[in-house]
Amino acid sequence: MITAAPPPPIGAHPMLVLLLQLAVLLGVAFTLGRLCARVSLPAVVGELAAGILLGPSLLANLAPAASDWLFPANAEQIHLLDAVGQLGVLLLVGFTGMHIDTKLIRRTGAKAAGVSAGGLFLPLALGVAVGFALPASLVGEKADRPVFALFLGVAMCVSAIPVIAKTLLEMKLLHRDIGQLTISAAAVDDVVGWSLLSIVSAMATTGLRGGHLLITFGSLVLVAAVALLVGRPLVRAALTRADRSEDPATTVAVVAVLLLASAAGTHALGLEAILGAFACGILLSSSGLLNRAKLAPLRTFTMAVLAPIFFATAGLRMDLTLLADPAVLLAALAVLAIAIAGKFVGAYLGARLSGLGHWEGLALGAGLNARGVVEVIVAMAGLRLGVLTTAGYTIVVLVAVVTSLMAPPTLRHAVRRIAVTDEENEREKVFSGHP
């Protein structure tokens, strides 16, 4: 019997480049993150800035030879780095799901729905409107004006669960009711946003078809059904067996496998992988069997190593030098203003109409306004589909970075005016792994 030869290992040079990329990105991200922490900004702000400094916006102009060697325009090399970042974001989103208090969400479901509706429909409508007014130079060659406008509306309505989660975790706000509502509303917005993105993708390629709509929404229903009917008992069984071992490595491995398998499941259905990881995190948390203390090593490694690499990698594709063109700069300022106003005002109005107070509305508006790397992923999809030009891509990514920078100080200012409850103190003890 003749068997095929095993695939060759990664070459010496690509491995060298990958290791240096990881070392440089993590080193700069860690340093800038610590500097941001010293001025009362979450570390995620510095981690996002690390990629921008090391990308075409700065390093490629100051030292083009060094930039070309360290970050070559080679798809295979780029994919190696992206794979490491994707592992980090999936684990980060999984931990976010583990911090969701399902009892609180059931009790305040109407409020979360109201906030998410306001933070979704107003920016979506404003984004579509401005999409029809922007210069044709921003519209990709494979898209007409309606497809471009709808795409921009989708980009305006999403929120970045990874950025919001890391910000709330670092500011020690995820255990607060306002933190739980922010994550819940962001999750709803992103589920709708990813579904709309798949529709825009179809419009830009094969055209919009009723069958595609049915498949998209059918996939969401299937995910929910599988999570409840199969995922819940599977998670409980896996955690029960893991708890029999005193070695934390068993729990770490079981949780990692469950998160990655769930991410693979939603990805196979044509949905975003982060939705599967997020849903699995919620199942782990609601099982009542999760030993959070045993997960401390995985959480530390994710927050200190994998997540910073992911955030830094996101900035590498951004080129701020394109903003030197007055037309591009003016368009960028207009899109940025509409993105901020739409999400902030929409979430605030949704909160107020749901019976929440002024400061709670401001906090929710500030938190949901952070688009972060989720918008970067949306922008990359637009560039790949030919909906955006390079200038349009840079504008959308600029919105992601600026809104992520704005969120922490505004959120901190508003939360200071919201009293801490006894229930929040108890939830903090549970989330930290203390009795």
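What you are looking at is a predicted structure, and each value in this text was computed from that prediction instead of being measured.
Of the inter-residue distances, the one linking Leu258 atom CG with Leu239 atom CG reads 7.0 Å to the nearest 0.5 angstrom. To the nearest 0.5 Å, atom CG of residue Leu91 and atom CE of residue Met303 are 11.5 Å apart. Atom CG in Leu90 sits 10.5 Å away from atom CG in Leu306 (nearest 0.5 Å). Atom OG1 in Thr394 sits 10.0 Å away from atom CG in Leu138 (nearest 0.5 Å). Rounding to the nearest 0.5 angstrom, the gap separating the CG atom in Leu81 from the CG atom in Asn74 is 12.0 Å. Taken to the nearest 0.5 Å, the OG1 atom of Thr403 stands 11.0 Å off from the CG atom of Leu368.
Using a distance-only test at 3.5 Å, with no hydrogens or angles considered, a donor-acceptor pair links the side chain of Thr389 to the main chain of Ser137. Checking side-chain atoms of Arg417 against main-chain N and O of Trp359 turns up no donor-acceptor pair under 3.5 Å. A donor-acceptor contact shorter than 3.5 Å is absent between the side chain of Ser285 and the backbone of Gly281. No donor-acceptor pair closer than 3.5 Å links the side chain of Glu360 to the backbone N or O of Ile178. One N or O on the side chain of Lys343 and one on the backbone of Cys157 form a donor-acceptor pair closer than 3.5 Å. The closest donor-acceptor contact from the side chain of Thr266 to the backbone of Gly276 lies under 3.5 Å. Side chain of Ser67 to main chain of Ala63: no donor-acceptor pair is present (N/O by atom type, distance under 3.5 Å, no hydrogens or angles). Under a 3.5 Å cut-off, the side chain of Thr250 and the backbone N or O of Ala242 do not form any donor-acceptor pair. The closest donor-acceptor contact from the side chain of Arg176 to the backbone of Ile418 lies under 3.5 Å. Under a 3.5 Å cut-off, the side chain of His267 and the backbone N or O of Ala263 do not form any donor-acceptor pair.
The closest side-chain heavy-atom distance from Val399 to Ile340 is not below 4.5 Å. Put simply, the side chain of Val115 reaches to within 4.5 Å of the side chain of Leu356, judged on heavy atoms. Looking at Thr410 and Leu362, their side chains never come closer than 4.5 Å, going by heavy atoms from C-beta outward. Annotation: side chain of Leu134 is in contact with side chain of Leu152 (closest heavy-atom distance under 4.5 Å). Under the 4.5 Å side-chain criterion, counting only non-hydrogen atoms from C-beta, Phe71 is not in contact with Leu20. Asp177 places none of its side-chain heavy atoms less than 4.5 Å from the side chain of Lys111. Pro14 places none of its side-chain heavy atoms less than 4.5 Å from the side chain of Leu18. The side-chain heavy atoms of Phe310 and Leu87, taken from C-beta on, include no pair separated by under 4.5 Å.
Listed here is the closest heavy atom pair of Phe95 and Leu295: CZ-O, 4.3 Å. The minimum heavy-atom distance linking Ala379 with Leu388 is given by the pair O-CD1, 3.8 Å. Nearest approach of Ala363 to Ala414, heavy atoms of both residues: N-CB, 3.7 Å. When all heavy atoms of Gly88 and Thr302 are compared, the pair lying nearest together is O-CG2, 4.0 Å. Gln21 and Leu70 get closest at one heavy-atom pair: NE2-O, 2.8 Å. What you find for Gly365 and Ala347 is that their closest heavy atoms are CA-CB, 3.8 Å.
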Which pairs of donor and acceptor atoms, one on a side chain in residues 47-55, lie under 3.5 Å apart (sequence neighbours left out)?
| from | atom 1 | to | atom 2 | distance (Å) |
| --- | --- | --- | --- | --- |
| Glu47 | OE1 | Lys166 | NZ | 3.2 |
| Glu47 | OE2 | Lys166 | NZ | 3.2 |

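Legend: residues meeting salt bridge (Lys or Arg N to Asp or Glu O under 4.0 Å) with Asp243, ordered by chain and number and at least two apart, are absent. His358 meets the side chain to side chain donor-acceptor pair (under 3.5 Å) test with Tyr348; sequence neighbours excluded.
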> Can you check side-chain contact (heavy atoms from CB on, under 4.5 Å) on Leu284 and Cys280, steps first, answer last?
Replying inline: CA-CA 6 Å; Leu284 288 165; Cys280 183; 4.2 Å; yes
>> Set out, in order, the CA-CA distance, both residues' side-chain angles and the distance that settles side-chain contact (heavy atoms from CB on, under 4.5 Å) for Leu320 and Leu398, then state yes or no.
In response: CA-CA 8 Å; Leu320 291 177; Leu398 180 66; 4.1 Å; yes
>> Between Val39 and Leu35, does the side-chain contact (heavy atoms from CB on, under 4.5 Å) criterion hold? Intermediate values first, please.
In response: CA-CA 7 Å; Val39 294; Leu35 290 175; over 6 Å; no
>> Working note: Phe311 + Leu92, criterion side-chain contact (heavy atoms from CB on, under 4.5 Å); need CA distance, chi angles, decisive distance, verdict.
In response: CA-CA 11 Å; Phe311 289 120; Leu92 175 60; 3.9 Å; yes
